[in-house]
Structure formats: structure tokens, C-alpha cells
Amino acid sequence: MATVDPIALDLVDFLNASPTNFHAVDEAKKRLKQAGFVHLSEREDWVLEPGGKYFFTRNHSTIIAFAIGKKYVAGNGFHIIGAHTDSPCLKVKPVSKVTKGGYLEVGVQTYGGGLWHTWFDRDLTLAGRVIKKEVKDGSVSYSHCLVRIEEHILRIPTLAIHLDKSVTEAFKFNTHSHLVPVLATSVKGEIQKLVDQNGPCKSNAKANVDNKKHHPVLLQLIADQAHCHPDEICDFELQVCDTQPSVIGGAMKEFIFSGRIDNLCMSFCALKALVDSISVGSLLDEESGVRMVALFDHEEVGSNSAQGAGSPAMLDALSRITKSFDSSDPRFLEKAIQRSFLVSADMAHALHPNFMDKHEENHQPKLHGGLVIKHNANQRYATSAVTAFIFREIAEMHNLPIQDFVVRNDMPCGSTIGPILASGVGIRTVDVGAPQLSMHSIREMCAVDDAKHSYEHFKAYFNEFTELEKKLSHPDACQQEPAYASPDHFLRYKTKDSDNRKIPKTNMPKADDSNNRKILKKAPGNPS
């Protein structure tokens, strides 16, 4: 029997602990605290130190963690990996009580662009967060708690083929009328209601109001998980979840079968890479930058929220960190952004063996092939030649596989948080992702090897970027630049070091370059 890499096993544990974005952030918090990271509050002043490790959350669904190099000074760069915590799902409506045909159903909204046909005939449940009222010694307070109903309580049944012969040609359904989970039959629900009414109730008025919005049996199930009475539930954000656990699969134990691989796989790999890149205290001794992981909510619906990538969350973090070390000059933040680099990590489309014509002939990412660099001329991805080179160079340094993806010209191209952050913050960005199949299905799949490759590549990025950055001659710099942009000038490599890594030339170009082209001298004080 094939052995499974521990990185993949750890990823499966992370997936099983994270049925929702709230649970994913909670699991990330636990791992960060275990690694010695300090929990910050955006409502309070920050006292940061070189060598320190910190994180903060927004809405309990976005988390930003960072480790400050011991040689960091204000104005130095940030080395960031960005991903997202949300996935397409069905979310419970504010008024979810649906009764028809003798059944109790739960009204849901579609969130994101899911493959909704995959949600039919699955054993389903609910998870999310609950706001509950607590009374202690006559004092009232309100708290947030996470809930997850382990029982298989919901199902969306398909219509029998005998009642719809056209289903053999195409499975068509209405997401409003047909995508409604069954909770119970009305008869059983009435019996349960009588049982509940005969039990203790602290506030019948509040209970009656909620009973008009949600089925009592549903409220009781939620209350049991929140360790409160149904009338103490003030509100909740719940989503429908598959009850089947994430597993290692395939005849050779080479696949991961799970929901939410997009994008919890990248979130996990980024988080683990950050933690492991500084697992030994001395690893930050020579670091002059800040290593950061930002996991955002609401990517699947455009990122336009207070906790999405379109919010000021990342820019606020960069600003507060910079100002914590020196607030005397506002230009420090501007300099820091230009010295920073973002890896936008979101899963990529692997070549499908049964639909090979859906990929462009020369860009067909494959499972086990390593991270995929995503390119799009219309800026649906934020990758440039420079940022792609940097990420590819890190792979070469560590003998890691790397692939490229371009969507076909006759197909629309998806997007990521990359262009949002690149345009909103002004940071150099490369869009990458591990290859997967069945993206946005309730049950997706990726390769064990690619989880390992992703983790190793992200970890190498954190460990190598500071030194690699020193070897780059940037075309936007004004000192001693030639009047034309020559590839030989932009990256002046001439030899390799003892580890077979490329190192730059130290001498500037002469009056004539290798192609006998004249280099124009610039007038003093006129860099343009």
C-alpha cells in the first residue's frame, strides 16, 4: 500500500475541521496560537517588535498573520501570500421556514457559482456561527459561537426518471424551486413541536417570533450545538454542508477527495508554509522584511465586503505595521509597497481526461505537475513577466515543478483576488494555484503531490525572496539605467554560486552592449 505524505494528511485534517469559512479561520487561529503567534485586535493599539509573530481577524471569516524579520525597519517590503476562506455553498435564508406537500423544508440562497446539480441526493447538514444571548447574575451579554450539526439532517432529492424522461438528455432544474433541502415531514415536525412546548421555555414571546421564521425542530438542533435554549438564539449565519468527510483516495492513494478544496487547499499550504518558515527562532534573524499570509472572505462573490480582498484590510495591515516602527514619514508605506510582493494563491483548472478540448493546447496543467502560474492578457490574472520569473526562479532553486495556464480565446476567464489587490494596493503580484478537478462541485479532487509541492514552494518563497530581490535590477529604478530595456540589463546573470543558483553581474553595462548598441547617457537630475 502506498504511503501518504504527512502534508496531505494534515491538509485532510484541516479540511475536515473547516466546514465553513468561520471554522477555517478558527482552525487557522488555533494553529497560529500553537506556533506562538500573538492575537491582535484592530480596535486596540499595536505594539510590535522585530522577530514578533502576530495575527488578527475580521468578522471571524478573514485572518491576516505576519512574522516580522529581526532586521526589519520601516519602509522594507512585505512578502505576502493571499488566498480565500469561502467556497460556493447554500446559505440559510433569514426566514427559512418552508412548508409544502407535507414536508418541512429549509429555504436557502445560492452563494457563489456552484455546480448546484452536485448537491442533489447528498447527505447534508448545517454549520456556521450563532449569535446568542447570555444572562448571568442579572447581566445580559451577547456572544458568538461556532456550530456544526454532525447528524445527516438534510437532503435535496432528485425527481424520479419515471416522472421526467427528459432528464436523460439534460438535468435541468430551477435553483429557487427545486434546490430546497428537506428537513422533515410535517407530521413528525408537529409531534416534535408538542414535545418542545411541554418543555421549559424562558421567553415564549421570543420563541414564537423565531418559530415564524424557522422551523422549531431546526432551532432546537441549532440550540443543542450552541449549548443554549432556542429562545436565546439572536441570529445566525449557517450554510448547508456535505456530511461526507475529506479523504485520501485513488488506487495509489494519490488523490484528495473533499469539498472546499477551492480554496482551503491554498489557505492551508500558505498558512503552514508561514509557520514552518519561522519554526526555528533563528530563521528570522537575517530577515529584513515581513512575511505575511492573508486569507480573505467573499472571494467567490467579488470580494466587495468589509472582510473581502476589496476592503482596506491588507492596506490597513501594511500601514499599521509600518507606522508601528516609524510614523514620522508617510512615504515609508509607499516605499514598502513598491518593495513588496504578493502571491495570489487560488486553485487552478487541471486538464480533464474526458474534456481535453476545454484547455488551450499548449497550456494544460496536470495533476502532480506542481503549482500553476496563471496568465491573462486582459488582466483577469495579475501575473506579469517579472512576477512569473520570480516565482519560477524560486521553483528552479529548489527543483520544484511548475506549470503555466492560459484560458482558450473562445472561453471566458475566471479571476482571483490578485487583480483586486494589485490594483487596490499597487503591489507586484503573481497569480498561482494548485491544479484540481471538479472545481465548485460539492465534492472536488486534487493530487497529494500538489499539496506537498505547493507547501514547499510557498515555504521556499518565504525563505528565498529577500535574497532573490537583491539580485534583481528593477526597470522602474532611475539610477544608472540605460535608455532601452534590455533583458540582459534587467536581470544581469553571468554565473552560478556553490548551490548552483544564479547570481547577478556586479558591473554595469559598458558604452556599447554585447549587441554593439549604443547606451544613451541620461542628463543629471532627469531620470525620465
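No hydrogens, no waters, no symmetry mates; every other heavy atom, side chains included, goes into these values. Remember, it's a predicted structure, so these values are computed and weren't measured experimentally.
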Student: Is a side-chain donor or acceptor of Thr85 paired with a backbone partner of Thr62 at a separation under 3.5 angstrom?
Tutor: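 No; judged by distance alone, with no hydrogens or angles, the pair does not exist.
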Student: Could you tell me whether the side chain of Gln34 reaches within less than 4.5 Å of the side chain of Val275, counting heavy atoms only?
Tutor: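 Contact flag for Val275/Gln34 side chains = no.
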Student: Any side-chain to backbone donor/acceptor pair from Thr118 onto Leu115? Under 3.5 Å, distance only.
Tutor: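 Yes, Thr118 side chain to Leu115 backbone: donor-acceptor pair under 3.5 Å.
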Student: May I ask you to check whether over 12 heavy atoms, not counting those of Asp137, lie within 6.0 Å of atom CG?
Tutor: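 No, because the 6.0 Å sphere around CG of Asp137 holds 12 heavy atoms or fewer from other groups.
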Student: Let's go through Asp316 and Arg58 carefully: what are the C-alpha distance in whole Å and the side-chain angles of both, what is the deciding distance for side-chain contact (heavy atoms from CB on, under 4.5 Å) to 0.1 Å, and is it a yes or a no?
Tutor: CA-CA 12 Å; Asp316 287 350; Arg58 277 195 182 182; 2.8 Å; yes
Student: With ring centroids as reference points, do Phe66 and Phe78 lie under 6.0 angstrom apart?
Tutor: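 Not under 6.0 Å, so no.
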Student: Does any N or O in the side chain of Asp297 come within less than 3.5 Å of the main-chain N or O of Gly308, such that one atom is a donor and the other an acceptor?
Tutor: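 No, Asp297 side chain to Gly308 backbone: no donor-acceptor pair under 3.5 Å.
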Student: Please report the C-alpha distance between Leu126 and Val240 in whole Å, then the side-chain angles of each, then the deciding distance to 0.1 Å, and finally whether the side-chain contact (heavy atoms from CB on, under 4.5 Å) criterion is met.
Tutor: CA-CA 5 Å; Leu126 292 173; Val240 180; 3.9 Å; yes
Student: Scan side-chain atoms only and decide if Ser61 and Asn59 contain a donor-acceptor pair under the 3.5 Å cut-off.
Tutor: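 Per modelled atom types, Ser61 and Asn59 side chains form a pair under 3.5 Å.
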Student: Determine, for Lys132 against Glu232, whether the closest basic-nitrogen to carboxylate-oxygen distance falls under 4.0 angstrom.
Tutor: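 Salt bridge: no.
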Student: Whether the Asp346 and Thr416 side chains hold a donor-acceptor pair (N or O, under 3.5 Å, no angle test) is what I'd like checked.
Tutor: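 Judged by distance alone, the side chains do not pair up.
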Student: Could you check whether Asp431 and Ser344, counting side-chain N and O atoms only, form a donor-acceptor pair closer than 3.5 Å?
Tutor: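 Result is yes, a qualifying pair exists.
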Student: Using a 3.5 Å distance criterion without hydrogens, assess whether the side chain of Ser166 forms a donor-acceptor pair with backbone atoms of Asp164.
Tutor: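 Between the backbone of Asp164 and the side chain of Ser166 there is no qualifying donor-acceptor contact (under 3.5 Å).
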Student: Describe, in one word, how the ring planes of His39 and Phe55 are oriented to each other, choosing from parallel (under 30°), tilted (30 to 60°) and perpendicular (over 60°).
Tutor: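 It falls in the parallel class, under 30°.
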Student: Side chains of His457 and Ser454: do they bring a donor and an acceptor to under 3.5 Å?
Tutor: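 Per modelled atom types, His457 and Ser454 side chains form no pair under 3.5 Å.
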Student: Given side chains that start at C-beta, do those of Leu11 and Leu264 come closer than 4.5 Å, heavy atoms only?
Tutor: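 They are not in side-chain contact.
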Student: Evaluate the side-chain proximity of Asp86 to Glu299: yes if any heavy-atom separation is below 4.5 Å, no if none is.
Tutor: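 Glu299 reaches Asp86 side chain to side chain.
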Student: If only atom types and distance count, is the side chain of His215 paired as donor or acceptor with the main-chain N or O of Glu105 below 3.5 Å?
Tutor: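 Checking the backbone N and O of Glu105 against the side chain of His215, a donor-acceptor pair under 3.5 Å is found.
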Student: Would you say the ring centers of Phe268 and Phe14 fall short of 6.0 Å from each other?
Tutor: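 Here the rings of Phe14 and Phe268 have centres that are less than 6.0 Å from each other.
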Student: Arg148 side chain to Pro19 main-chain N or O, any donor-acceptor pair under 3.5 Å?
Tutor: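 No, Arg148 side chain to Pro19 backbone: no donor-acceptor pair under 3.5 Å.
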Student: Check the pair Glu444 / Cys265 against side-chain contact (heavy atoms from CB on, under 4.5 Å), numbers first and verdict last.
Tutor: CA-CA 11 Å; Glu444 303 172 323; Cys265 177; over 6 Å; no
Student: Compute the centroid of each ring, for Tyr54 and then for Phe56, and state whether the two points are separated by less than 6.0 Å.
Tutor: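 No; Phe56 has its ring centre 6.0 Å or more from that of Tyr54.
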Student: Counting only N and O atoms by type, is there a donor-acceptor contact under 3.5 Å from the side chain of Thr125 to the main-chain atoms of Thr243?
Tutor: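 Side chain of Thr125 to backbone of Thr243, a donor-acceptor pair under 3.5 Å: no, none is there.
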Student: Could you check whether any side-chain heavy atom of Val432 comes within less than 4.5 Å of a side-chain heavy atom of Phe458, counting everything from C-beta outward?
Tutor: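 Side-chain contact under 4.5 Å: yes.
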Student: side-chain hydrogen bond (donor to acceptor under 3.5 Å, both in side chains) with His298: which of Ser303, Ser305, Ser311?
Tutor: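 Single side-chain hydrogen bond (donor to acceptor under 3.5 Å, both in side chains) partner of His298 among Ser303, Ser305, Ser311: Ser305.
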Student: Checking Lys213 against Lys97 for the side-chain contact (heavy atoms from CB on, under 4.5 Å) test, could you report, in this order, the C-alpha distance in whole Å, the side-chain angles of both residues, the deciding distance, and whether it holds?
Tutor: CA-CA 6 Å; Lys213 297 172 63 177; Lys97 191 174 185 178; 6.0 Å; no
Student: State whether Asp276 and Lys459 are salt-bridged, where the test is any N-O pair (Lys NZ or Arg NE/NH1/NH2 against Asp/Glu carboxylate O) under 4.0 Å.
Tutor: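 Looking at Lys459 together with Asp276, the answer is no, because their closest N to O distance does not fall below 4.0 Å.
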Student: Looking at Ser18 and Leu15, would you say the former's side chain and the latter's main chain have a donor-acceptor pair under 3.5 Å?
Tutor: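 Not a single qualifying donor-acceptor pair exists.
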Student: Quick check: do Phe257 and Gln244 have side-chain heavy atoms less than 4.5 Å from each other?
Tutor: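 A side-chain contact under 4.5 Å is absent here.
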Student: Compute whether any side-chain donor of one residue and acceptor of the other, for Ser277 and Arg291, lie under 3.5 angstrom apart.
Tutor: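 Their side chains do contain a donor-acceptor pair, which is all the 3.5 Å distance test asks for.
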Student: Flag the pair Phe236 / His214 as yes when their ring centroid distance falls below 6.0 Å, and as no otherwise.
Tutor: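 When the ring centroids of Phe236 and His214 are compared, they turn out to be within the sub-6.0 Å range.
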Student: Can you confirm whether Asn174 is buried at CG, in the sense that more than 12 heavy atoms of other residues, nucleotides or ligands lie under 6.0 Å from that atom?
Tutor: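 Enclosed.
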Student: Answer yes or no: is there a side-chain heavy-atom contact under 4.5 Å between His349 and Lys358?
Tutor: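 When only atoms from C-beta onward are counted, Lys358 and His349 do not touch, as no gap falls below 4.5 Å.
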Student: Any side-chain heavy atom of Asp121 sitting closer than 4.5 Å to one from Ile156?
Tutor: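 No. Closest side-chain heavy atoms not under 4.5 Å.
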Student: Just wondering, do Ile81 and Phe462 contact through their side chains at under 4.5 Å, heavy atoms?
Tutor: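 Yes - at least one pair of side-chain heavy atoms lies under 4.5 Å apart.
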